[in-house]
2 protein chains.
Amino acid sequence: MAADTKHRILESTSELFRRHGYAGTGLKQIVAAADAPFGSIYHHFPGGKQQLCEEVILSAGRMYFDLVHAIFAAAPDPVSGTRNAFLGAAAVLEATDYVDACPIETVALEVASSDDLLRRACAEVFEEWIVGAGAIFREAGVPEAEARVLAISLINALEGAFVLARTLRSPEPLEAAAATMTNAVTAALPGA
Amino acid sequence: MAADTKHRILESTSELFRRHGYAGTGLKQIVAAADAPFGSIYHHFPGGKQQLCEEVILSAGRMYFDLVHAIFAAAPDPVSGTRNAFLGAAAVLEATDYVDACPIETVALEVASSDDLLRRACAEVFEEWIVGAGAIFREAGVPEAEARVLAISLINALEGAFVLARTLRSPEPLEAAAATMTNAVTAALPGA
DNA sequence: GTCTATAGAAGGATAGAC
DNA sequence: GTCTATCCTTCTATAGAC
């Protein structure tokens, strides 16, 4: 099944990029992990490693967007949603030996100053997240401009906490982010 | 001058790691940029790329610590210091075409799950920053536990904003972090 | 003791066998 | 059209010339 092979390659690549980054992951490792022949990469991704990476960024970015969106949708209010998002991320990180954090963060930093096509793909993903999170806060009554600042700060805190948590191998940064950001969201809501 | 050559190698490596990361930077690029013969690397760093990277992480980490410490020392109060740190970082980032952000962030993510020696070096640096920032807040009257949470959140925000700012090529994430974190610091100070 | 030349492995990419 | 075998470059690391 060609479509199945392509899917397995995307999955393996996403997984390997999380652990070793873009430059640190070889195409040979990817096909080995996906249990696919080497030629499959260039059959499904004629643009080579760059195209494969672009598709991984966009699909992983959307999956993560849906995940966070579901957490906020399941929560009774944005303050609870914020807390659940950070504490849920802390639990996943601990359970996966500090591997399973943001799927595109390492790649985003690697390509920011060296590959403009991939940088733009990451930018598209982050902008989608900002707009999505901003909409949640706006619907809760936060004014437009403030909602965007809050949304960006939420993602700032999440991405930054991932760097510290993975490096320190501790949930403490995500817990600190949960505390600080629930305060910020609380202060921004109309009732405050 | 052997000592001079070692210094040039450390400088070039730090610069190249910022742009291309650990895996994306070759030792040949490093000696070319440092205008040094290839053998110099293994003369000054018998442990090879890993040892070179470790020294870069520790020295760059301490330089960045001193920089941020100086910004807070020059500010009249921690709230101004927080604002100056984020807006100053935004200015530097714009002036350097979005290259000159945190010197160890990309490497920290690359090695977090693949090289425990280097992960520990990054962890040592981050922990120093947390303790240093915590001391500033504690001296301003914030209780011990809250000061540490605030310090971690400050670094969370800075690191996260660097990821978004470099990817989006915009100072907006650092400006949003400045707004949110000055609020958080203000709320934590005794006068609030 | 400084540096060059090269080894040996792994990288991305491709040509062509089947 | 699927996959294997190979190409050429680049990587880290080392051996040995001077």
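Every heavy atom of this structure was used, including side-chain atoms; hydrogens, water molecules and symmetry mates were not. Keep in mind it's a predicted model, so treat the numbers as computed, not measured. Residue numbering restarts at 1 for every chain, and letters A, B, ... go by the order of the sequence lines.
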When rounded to whole Å, the NZ to C1' distance for the pair B:Lys28 and C:dA9 reads 12 Å
Separation of C:dG12 atom P from A:Gln51 atom CD, nearest Å, is 15 Å
Look at the rings of B:Phe137 and B:Phe72 and say which category their plane angle falls in: under 30° parallel, 30 to 60° tilted, over 60° perpendicular. perpendicular
Whole-Å distance, B:Leu52 CG to D:dT12 C1', equals 12 Å
Inset, instruction - Would you mind reporting whether A:Val163 and B:Phe126 have side-chain heavy atoms less than 4.5 Å apart? - result: yes
A:Tyr42 OH to D:dT4 P, in whole Å, measures 17 Å
| Under 4.0 angstrom, heavy atoms only, what part of the nucleic acid is B:Gln29 near: base, sugar-phosphate, or nothing? | sugar-phosphate
Between NE2 of A:His43 and P of C:dC18 the distance, given in whole Å, is 21 Å
Quick note, B:Leu27 side chain, CB onward, closest among C:dT14, D:dC3, D:dT12 is D:dT12
Rounded to whole Å, the NZ-P distance (A:Lys6 to D:dT2) equals 13 Å
A:Pro37 has its side chain closest, among C:dA13, D:dT12, D:dC3, to D:dC3
Taken to the nearest whole Å, NZ/B:Lys49 to P/C:dA10 is 15 Å
To the nearest angstrom, the CZ-P distance between A:Phe38 and C:dG12 comes to 7 Å
Flag if over 12 foreign heavy atoms under 6.0 Å of CZ, B:Arg120:
no
d(A:Phe65 CZ, A:Glu128 CD) to nearest 0.5 Å is 7.0 Å
